Amino acid sequence: MTATSTPIPRASTRIRPARLVLHLFLTATALAWLAPLLWAVYSALRPYTETSTKGYVSWPDKLSLDNFTDAFTQSGMAHYFGNTLLIAVPAVLLTLFASSCVAFYVSRFDFRLNLTLLLVFTAGNLLPQQVIITPLYRLYLLIDLPGITTSGKLYDSALGLVLIHVAFQAGFCTFVLSNYMRMLPHELTEAALVDGASVWRLYWQIVLPLCRPAMAALATLLSIWIYNDFFWAIVLVATGENMPITSALQNLSGQYFTDPNLIAAGALLTAVPTLLVYFALQRHFVSGLTLGANKG
């Protein structure tokens, strides 16, 4: 006598109307978000002579990378990339180091002005940059740094841009890192103190390695913010040779004629480093953003 198996009913695969509407909405939103980028790529691949003759909304006769090579050479982009690297790398490292030190102090030690100190650092992000243009500009002109900067002053130097970025970004990083460090179990630091570990060793070898996801997420955000900065570069730098990459696109604009296809190619080239930073730190960036999502 053979046993007959009862067939298991299959779950219904019918798509609900609400879910279909959601997917259509998300698809339309993604296309709307990507449309300017795709249009910039399309324009950068077309020569301006063809665009001026047939219009932007037309089928291309020729697609090439000539605009990208011309934009890179005509704007001196390699030099400006070096300037930006000289500003962004020290600014990111100094911001993360300074903010992690403050966050470690306010999160792992209890004292009377603990919360007040954290609020002071965080409140710096609430101050609009435009408010302090005039006093900061005059202060930079008054500070002499002979032999340290090419201009002999803090004004018109990479050091001046590094310091202003550190000052403005340290508050946000301190706030994020202090909240993350509070989540770490105090038993780790207490056991290390009992074993005779110094405060520096406690910070550098125990707490800081555990903050790697948060540090990577902040490094990604800081790299993008500082790299894309244009405001402080215009205010605190006077010499064109000392400006970062965001000002290189100005070299592609002529006095009487501007090639928008060439500028589109230059804008896409300037966006490449930020994409590389994001893809290099993507795993840590996503894990850093989701920290505490499963906490009760």
Side-chain angles (χ1 to χ4, degrees), residues 24-89 91-92 129 158 161 165 217 219-283 285-286:
L24 291 176
F25 172 76
L26 294 177
T27 302
T29 303
L31 292 176
W33 184 267
L34 292 174
L37 176 61
L38 297 177
W39 191 261
V41 174
Y42 176 67
S43 299
L45 293 175
R46 299 184 66 184
Y48 179 74
T49 54
E50 178 183 313
T51 302
S52 61
T53 303
K54 302 178 61 176
Y56 281 95
V57 186
S58 59
W59 190 258
D61 296 332
K62 177 185 178 182
L63 296 177
S64 66
L65 299 176
D66 294 340
N67 284 330
F68 290 95
T69 56
D70 293 342
F72 189 84
T73 55
Q74 292 182 19
S75 63
M77 200 166 288
H79 173 74
Y80 291 101
F81 271 129
N83 289 348
T84 303
L85 193 66
L86 190 63
I87 297 170
V89 173
V92 171
Q129 299 176 352
L161 291 179
H165 286 307
T220 306
L221 293 175
L222 288 175
S223 300
I224 295 174
W225 292 341
I226 296 174
Y227 180 88
N228 291 330
D229 173 70
F230 185 73
F231 177 79
W232 290 119
I234 291 296
V235 175
L236 301 178
V237 177
T239 307
E241 293 295 323
N242 297 335
M243 288 188 173
I245 189 63
T246 49
S247 63
L249 296 180
Q250 291 182 344
N251 298 336
L252 300 177
S253 300
Q255 183 177 1
Y256 302 104
F257 171 75
T258 299
D259 186 348
N261 294 18
L262 190 66
I263 293 180
L268 292 173
L269 286 175
T270 58
V272 171
T274 57
L275 293 176
L276 295 178
V277 170
Y278 173 75
F279 287 124
L281 300 176
Q282 182 181 13
R283 180 171 61 88
F285 178 71
V286 175

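Sequence positions, counted from 1, serve as the residue numbers for this chain. All values derive from a computational prediction rather than experimental measurement.
What you find for Ala264 and Ala44 is that their closest heavy atoms are C-CB, 4.1 Å. Taking each heavy atom of Leu161 and Trp232 in turn, the nearest pair found is CD2-O, 3.5 Å. Taking every heavy atom of both residues into account, Met243 and Ala233 meet most closely at CE-O, 4.1 Å. Nearest heavy-atom pair across Thr49 and Thr53 is O-OG1, 2.8 Å. A pairwise comparison of heavy atoms in Asn261 and Asp259 identifies N-OD1, 3.1 Å as the closest pair. The two residues Pro273 and Thr270 have their closest heavy-atom pair at CD-O, 3.4 Å.
No side-chain donor-acceptor contact under 3.5 Å links Ser43 to the backbone of Ala40. Of the possible donor and acceptor atoms, one in the side chain of Asn67 sits under 3.5 Å from a partner among the backbone N and O of Arg46. Thr246 places a side-chain N or O within 3.5 Å of a backbone atom of Asp229 that can act as its donor or acceptor partner. Looking only at distances, no side-chain donor or acceptor of His165 sits under 3.5 Å from a matching main-chain atom of Val92.
Rounding to the nearest 0.5 Å gives a distance of 9.0 Å between OG1 of Thr69 and CD of Gln74. Within the model, atoms CE of Met77 and OG1 of Thr84 stand 10.0 Å from one another, a figure rounded to the nearest 0.5 Å. For the atom pair Thr274 OG1 and Phe279 CZ, the distance stands at 9.5 Å (nearest 0.5 Å).
Counting only heavy atoms from C-beta outward, the side chains of Lys54 and Asp61 approach each other to under 4.5 Å. Residues Tyr42 and Tyr56 fail the side-chain proximity criterion, which asks for heavy atoms closer than 4.5 Å. A heavy-atom distance below 4.5 Å is found between the side chains of Leu268 and Phe68. Residues Trp39 and Val57 are in side-chain contact: their nearest non-hydrogen atoms beyond the backbone lie under 4.5 Å apart. Contact of the Ile245 side chain with the Asn83 side chain is not registered, since no non-hydrogen atoms from C-beta on lie closer than 4.5 Å. With contacts defined as side-chain heavy-atom distances shorter than 4.5 Å, the pair Pro244/Tyr80 does not qualify.
In terms of the side-chain contact (heavy atoms from CB on, under 4.5 Å) criterion, residue partners of Leu276 (sequence neighbours excluded) are, by chain and number, Val272.
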